[in-house]
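In what follows, a structure is listed as structure tokens, so that the remarks can point back to it.
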Amino acid sequence: MSLTSQRHLFDIPRRIAYLDGAAYSPVPRSVRAAGEAGMLTKSEPWAHPSRAAEWAERTRSAAARLIGAEAGDIAIIGSISHGMATAARNLELAAGTRLLRVQDEFPSVSMIWDRMAAERGAVLDVVPRPADGDWTSAVLEAIARPGAPPVGVACLTPLHWSDGAIIDLDRIAPALRAQGAALVVDATQAVGAMPVEVARWRPDFLAFPTYKWVLGPYSLAFLYAAPHRQSGLPLEENNGNRPGGDFAPGARRYDKGERNDPVNLPMAATGMELVASWGTGAVADRLRALTDQLAGAAEAFGLAALPRPLRAPHILGLRIPGGMPAGLIDALAAEGVHASDRLGVLRVSPHVWADAEDLELFQAALSRCLPTLLV
């Protein structure tokens, strides 16, 4: 059965078309309630003993389920940058090999790798944005470039954060393995909105946060470490990841300090379990139908989207002739329609709360705002 709109689970006023899930997702009422219950352990600790240690393992299991991993493969961390730094600390990058990433990558993903390449004498290979939007072919060509040094480490995402352009790791990961390269995946804009299976990509490390597509809180994330990467060093050492002085087994050795958060953990688990109950395949199908409709409507305004095979199901990047007009995002927000400007692209990203009325609000607001700003 196809997934219907889940707007009834959220506190989103009918006059609001929130099409910005790729930036900052509202949480369902059940997630908010889980956080409020957790707050009682701080406001009335004598009456509400914390169960955060239990929630940590429930949350770890929920995160593992979403990417087809085992709970012991998951570390609880604070952010994507925390995950990237942990991966960088535990990977070899030989002098003269290449560090591969794509152009315009998000700072919390790119900064650590750019510095690592410079410090270790590696070649930083940044794949330019392809004119046709086909990142997959561009990355594959870069990997196989004649005369280029072998790739030592590649840090990639399943889609580009700015406009939803697909970077097909099903095709790219085998090409990297053929060169003996390590693969680190930032799955921020993928987990929860499209199927992610670590068994297919076989990354060395993969990280994702909770505040976007899995409907959870801010400042909590997860790091998958492949079995052969579970004997490294964490960024910080504490009683949680070194109980009794010994490193915890599996990826738990990479857990952050103050892991047992009584508020964020229940919120994260509740959100991820809700997404899992729908199935990410069903979520992707619903969001694909919505973004397809949005793409068709945008054409009437002269806005260009990537061809359907090149774009992810849940993020639609719309390019406006002449570039993004100043004030468009604020003008749309004044009309109750929320989207983002990302690198000069109008990024529209509905999630499961969105419905046909939201799409109508978007079209009506765009028809009123765009002509006045293009004059």
Indicate the atoms forming the closest heavy-atom contact of G192 with V283, along with that distance.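 Minimum heavy-atom separation between G192 and V283: O-CG1, 3.6 Å.
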
Straight-line distance of R29 CZ to L9 CG, nearest 0.5 Å: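 Rounded to the nearest 0.5 Å, the CZ-CG separation comes to 7.0 Å.
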
Spacing of CG belonging to D255 relative to CZ belonging to F222, to within rounding of 0.5 Å: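 Between D255 CG and F222 CZ, I get 10.0 Å after rounding to 0.5 Å.
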
Under 3.5 Å donor-acceptor pairs involving side-chain atoms of residues 72-79, not counting sequence neighbours:
| residue | atom | partner | partner atom | Å |
| --- | --- | --- | --- | --- |
| D73 | OD1 | Q230 | NE2 | 2.8 |
| D73 | OD2 | E70 | N | 3.3 |
| S79 | OG | S81 | OG | 3.0 |
| S79 | OG | H82 | N | 3.1 |

4.5 Å side-chain heavy-atom contact, [X] and [Y]:
X    : Y    : answer
L156 : V185 : no
E197 : W201 : no
L215 : V275 : yes
L159 : I315 : yes
D104 : R129 : yes

Check the angle between the aromatic planes of Y211 and Y218 and answer parallel, tilted or perpendicular using the 30° and 60° thresholds.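 Rings of Y211 and Y218: perpendicular, as their planes differ by over 60°.
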
According to the interplanar angle, ranging from 0 to 90°, do the rings of F10 and W353 count as parallel (below 30°), tilted (30 to 60°) or perpendicular (above 60°)?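 Answer is perpendicular, since the angle exceeds 60°.
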
If a pair satisfies ring-ring contact (aromatic ring centres under 6.0 Å, His included) and one of its residues is in residues 153-185, list it, with sequence neighbours excluded.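 Every pair satisfying ring-ring contact (aromatic ring centres under 6.0 Å, His included) with a residue in residues 153-185: F106-W161, W135-H160.
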
Decide side-chain contact (heavy atoms from CB on, under 4.5 Å) for I166 and L310; before the verdict, give the C-alpha distance in whole Å, the side-chain angles of both, and the deciding distance to 0.1 Å. CA-CA 5 Å; I166 287 288; L310 296 182; 5.7 Å; no

Is [X] salt-bridged to [Y], cutoff N-O under 4.0 Å?
X    : Y    : result
E54  : R58  : no
D341 : R347 : no
D358 : R14  : yes

What's in the same ILVMFWY side-chain cluster as M267, cut-off under 4.5 Å, chained through other members?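 V27, V31, M39, V263, all in the cluster of M267.
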
Linking Ile, Leu, Val, Met, Phe, Trp and Tyr by side-chain heavy atoms under 4.5 Å, what else ends up with L233?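 L233 shares its hydrophobic cluster with F247.
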
Test: salt bridge (Lys or Arg N to Asp or Glu O under 4.0 Å). Region: residues 142-161. Which pairs qualify, not counting sequence neighbours?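 Salt bridge (Lys or Arg N to Asp or Glu O under 4.0 Å) check on residues 142-161 returns D125-R145.
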
Pairs where residues 218-235 contributes a residue and the test salt bridge (Lys or Arg N to Asp or Glu O under 4.0 Å) is met, not counting sequence neighbours: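 Salt bridge (Lys or Arg N to Asp or Glu O under 4.0 Å) check on residues 218-235 returns D204-R229.
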
By side chain to side chain contact (heavy atoms under 4.5 Å, CB included), which residues pair with [X], not counting sequence neighbours?
X    : result
D292 : R288, R308, R311
A85  : L235
P243 : A248
L40  : S43, H48

Just jot down the salt bridge (Lys or Arg N to Asp or Glu O under 4.0 Å) partners of D170, sequence neighbours excluded, or say none.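 With neighbours one apart ignored, the set is R200.
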
Mark yes or no for whether Q179, through its side chain, and P150, through its backbone, hold a donor-acceptor pair below 3.5 Å.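 Side chain of Q179 to backbone of P150, a donor-acceptor pair under 3.5 Å: no, none is there.
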
Are W113 and L100 linked, directly or through other ILVMFWY residues, by side chains that come within less than 4.5 angstrom of each other?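 Result: no, two separate clusters.
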
Hey, can you pull the donor-acceptor pairs under 3.5 Å for the side chains in residues 319-330, sequence neighbours left out?
| residue | atom | partner | partner atom | Å |
| --- | --- | --- | --- | --- |
| R319 | NH1 | D163 | OD2 | 3.4 |
| R319 | NH2 | D163 | OD2 | 2.9 |

Show your reasoning for whether salt bridge (charged side-chain N to carboxylate O under 4.0 Å, His left out) applies to R242 and E236. CA-CA 10 Å; R242 290 194 62 181; E236 50 188 328; over 6 Å; no

